[in-house]
Amino acid sequence: MVDAFGAITWWGFSPALDFQDKVRDSESSSDLNILMIGAGDCRHMLKTLALSHRHTKRKINFYVVESNLELLGRHLLLTSIALESPKLMGLQEKTELFLEVFGNSLVRRQTRDYIVSKANDFIRMVTDLDYLARELPAFDLSLLKFKERDQLEAIFKFWRGSDDRVFDISKCWDNRLRHYLANRYDSRVGVYDWDYNMKLLDRGAGIIHKKEYSYWRETGSAFSVREGTYDVPNKTLASGLIVKTSGGNVPQRGYWGDIVSSPYLAFGIECNEASLMKKTNDTYTKTAQDISEYNILAILHELTTGEKYVLPKPSKETESKEKANSEGAKLEEITEEDEEEEEEEKSNKNEEKELEENGESDQTSVEHENIPIEDVKIHFLPIGSAREINKKGKYKGLFNIIYLSNSMVHYLTEDLRAVFADQAMVITETARFMLELKTEQCQEFLSKVTGMATAVGCQITSHGDALKDSFLRFRFERKT
């Protein structure tokens, strides 16, 4: 039986981190080696890369361990979106595409076409590492087993398949709800409301609006950032599972991820832009979707330009419109100048359409061009390698930062200790947003993880609150 959190972590249960934020420049070697065990998505990796220019320049090596190959496929896809050339895709469009693929069960047809195009590229990359080195030089798949690369190829072939009926994610989502809620299914709206008010709010995620949370719980779609028809299954959220039936164990493809905590946790509950976290009458004026959109846009902007993103100040016209919207709908005068601007915009769009139809689009000349990221290498490690990594001599004492998700923190053992560098930082995800756990269970999880860390020679650097902190940080000091 699959619980509410699922058998695969499509998104993490904590906000994105800049891994270099707490690293002392004097402590790190020229290379910064980061081991990520079970992150589930690329949020920490992207934020660390985007903000790397704020820190001492050094080479960064990411070593990624996941529990499923589908997650590695998503790492590749989402990072590729982030690295798309500005000549091919503007920041706003890129932000919307990223969020759509990241947290929606259903996507637009143009998004499906993009995924198909990328799947074709990835198939060639996993079967031709020289091609990968030319097109996405930051990635290294050479450490994967041949069988795993074959399986990745099969996953990408499934993504590009033309028959969307093979993965009816709406039906899969509803089946998960029915099995999870059982006799509470008919009163599920009340269940969503209870989980929101009694769990999410208590754990500091009030920026998530009740309506958006309930809509995601019901449909599996978190981000409707652009007007359009969302009617195509997001095949990147499909995975296999061995399901127990009366006839025995049967492999079944479906949606086996989280159905209670939401994708909003990764990018939508924390923000360094104070104006977006304002409250009116003790209620946030923005939603988790707004915060997610801002955070992704800021990350992508900084990744592209190497400069911190500054939110543009709203014009007086925008402020007056927002005020009018808050007071109710009003007629708006359309000036002759506005009409001319609209006509010009339509004309430009028509010209772009004609160019595309005639095969003269500018995109063809910059196909596969990506934002260069220097001194960065992302290594995919074999599935299950967290338990065996200590046996490889080249990893002994290598990692300066070790990150473990709450679902894979059980790998924090004496064996793993062998790969810690002296003064390594160990970061573990707490159970704060595992909504099915009670407060005392979250606190028990905190105590257990602290005990595991101290048992391998780590000292805690931040004493966490079970319902307020998303991470625990430890410092490892190798004794001579």
Side-chain angles (χ1 to χ4, degrees), residues 1-13 40 67-68 70 103-106 165-206 208-224 230-231 233-234 237-266 268-269 287-289 405-407 430-445 466-467:
M1 185 69 180
V2 180
D3 63 18
F5 303 124
I8 184 170
T9 309
W10 292 122
W11 41 77
F13 296 100
S67 58
N68 296 74
E70 289 88 350
N104 281 10
S105 59
L106 296 171
R165 294 172 297 178
V166 298
F167 180 51
D168 188 345
I169 193 169
S170 297
K171 184 177 180 181
C172 292
W173 188 274
D174 187 62
N175 286 340
R176 285 288 309 284
L177 287 177
R178 288 178 182 275
H179 281 96
Y180 168 62
L181 296 173
N183 57 6
R184 296 183 297 162
Y185 178 80
D186 290 334
S187 56
R188 60 191 180 281
V189 175
V191 175
Y192 308 156
D193 188 65
W194 174 268
D195 287 345
Y196 177 81
N197 287 291
M198 305 306 293
K199 296 177 181 178
L200 269 179
L201 291 186
D202 283 350
R203 301 185 189 196
I208 301 176
H209 196 279
K210 183 166 71 173
K211 286 185 178 179
E212 64 183 350
Y213 176 71
S214 295
Y215 184 77
W216 174 78
R217 285 288 298 265
E218 182 70 12
T219 66
S221 287
F223 305 105
S224 299
Y230 294 79
D231 59 355
N234 184 354
L237 293 177
S239 62
L241 188 71
I242 303 298
V243 179
K244 292 182 179 180
T245 66
S246 57
N249 294 339
V250 178
Q252 185 174 329
R253 177 185 285 128
Y255 176 81
W256 305 114
D258 165 42
I259 59 171
V260 292
S261 292
S262 86
Y264 299 120
L265 301 175
I269 62 171
T287 66
Q289 176 171 302
S405 68
N406 54 33
S407 62
T430 69
R432 175 187 179 188
F433 290 113
M434 307 301 282
L435 300 187
E436 291 300 279
L437 300 185
K438 298 177 181 178
T439 302
E440 54 270 25
Q441 290 175 307
C442 291
Q443 188 59 54
E444 184 181 340
F445 181 89
L467 300 186

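Treat the numbers as computed from the prediction; the structure is a model and nothing was measured.
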Exam field: side chain [X] to backbone [Y], donor-acceptor pair closer than 3.5 Å:
X	Y	value
Ser214	Lys211	no
Asn234	Leu106	no
Asn406	Ala431	no
Ser261	Phe433	yes
Tyr230	Pro233	no

message: Restricting to ring pair (Phe, Tyr, Trp, His ring centres under 6.0 Å), what partner residues turn up for Trp11, sequence neighbours left out?
response: none
Grab the two heavy atoms, one from [X] and one from [Y], that are nearest each other, plus how far apart they are.
X	Y	value
Glu218	Tyr192	OE1-OH, 2.8 Å
Ile242	Asn249	CG2-CB, 3.5 Å
Ile8	Glu70	CD1-CB, 4.3 Å
Val260	Ala4	CG1-CB, 3.4 Å

Please report the interatomic distance [atom1]([X]) to [atom2]([Y]), rounded to the nearest 0.5 Å.
X	Y	atom1	atom2	answer
Arg188	Leu181	CZ	CG	8.0 Å
Ser239	Gln252	OG	CD	10.5 Å
Thr287	Glu212	OG1	CD	4.0 Å
Asp193	Tyr213	CG	OH	10.0 Å
Ile169	Cys172	CD1	SG	7.0 Å

- request: Could you give me the CA-CA distance, side-chain angles and deciding distance for Ile208 and Ile269, then say whether side chain to side chain contact (heavy atoms under 4.5 Å, CB included) is met?
  value: CA-CA 7 Å; Ile208 301 176; Ile269 62 171; 3.9 Å; yes
Side chain to side chain contact (heavy atoms under 4.5 Å, CB included) evaluation trace for Asp195 with Arg217: CA-CA 10 Å; Asp195 287 345; Arg217 285 288 298 265; 2.9 Å; yes
- request: Give the intermediate values and the outcome of side chain to side chain contact (heavy atoms under 4.5 Å, CB included) for residues Arg253 and Leu241.
  value: CA-CA 6 Å; Arg253 177 185 285 128; Leu241 188 71; over 6 Å; no
message: Does the structure place the NZ or CZ of Arg178 under 6.0 Å from the centre of the six-membered ring of Tyr185, at an angle of no more than 45° from the ring's axis?
response: yes
query: Got a sec, which residues hit side chain to side chain donor-acceptor pair (under 3.5 Å) with Ser221, two or more places apart in sequence or on another chain?
result: Ser105
Enumerate donor-acceptor pairs with a distance under 3.5 Å from any side-chain N or O in residues 434-445 to protein atoms, sequence neighbours excluded.
from	atom 1	to	atom 2	distance (Å)
Glu436	OE1	Tyr180	OH	2.7
Glu436	OE2	Tyr180	OH	2.8
Gln441	OE1	Lys438	N	2.7

task: Establish, yes or no, whether a centroid distance under 6.0 Å links the rings of Trp256 and Trp10.
output: no
message: Evaluate Asp168 against Ser170 for side chain to side chain contact (heavy atoms under 4.5 Å, CB included), listing each step before the verdict.
response: CA-CA 6 Å; Asp168 188 345; Ser170 297; 3.8 Å; yes
task: Anything under 30° is parallel, anything over 60° is perpendicular, the rest tilted; go ahead and classify Phe13 against Phe5.
output: perpendicular
message: Consider ring-ring contact (aromatic ring centres under 6.0 Å, His included). Of Tyr215, Phe223, Trp216, which one does Tyr264 pass it with?
response: Phe223
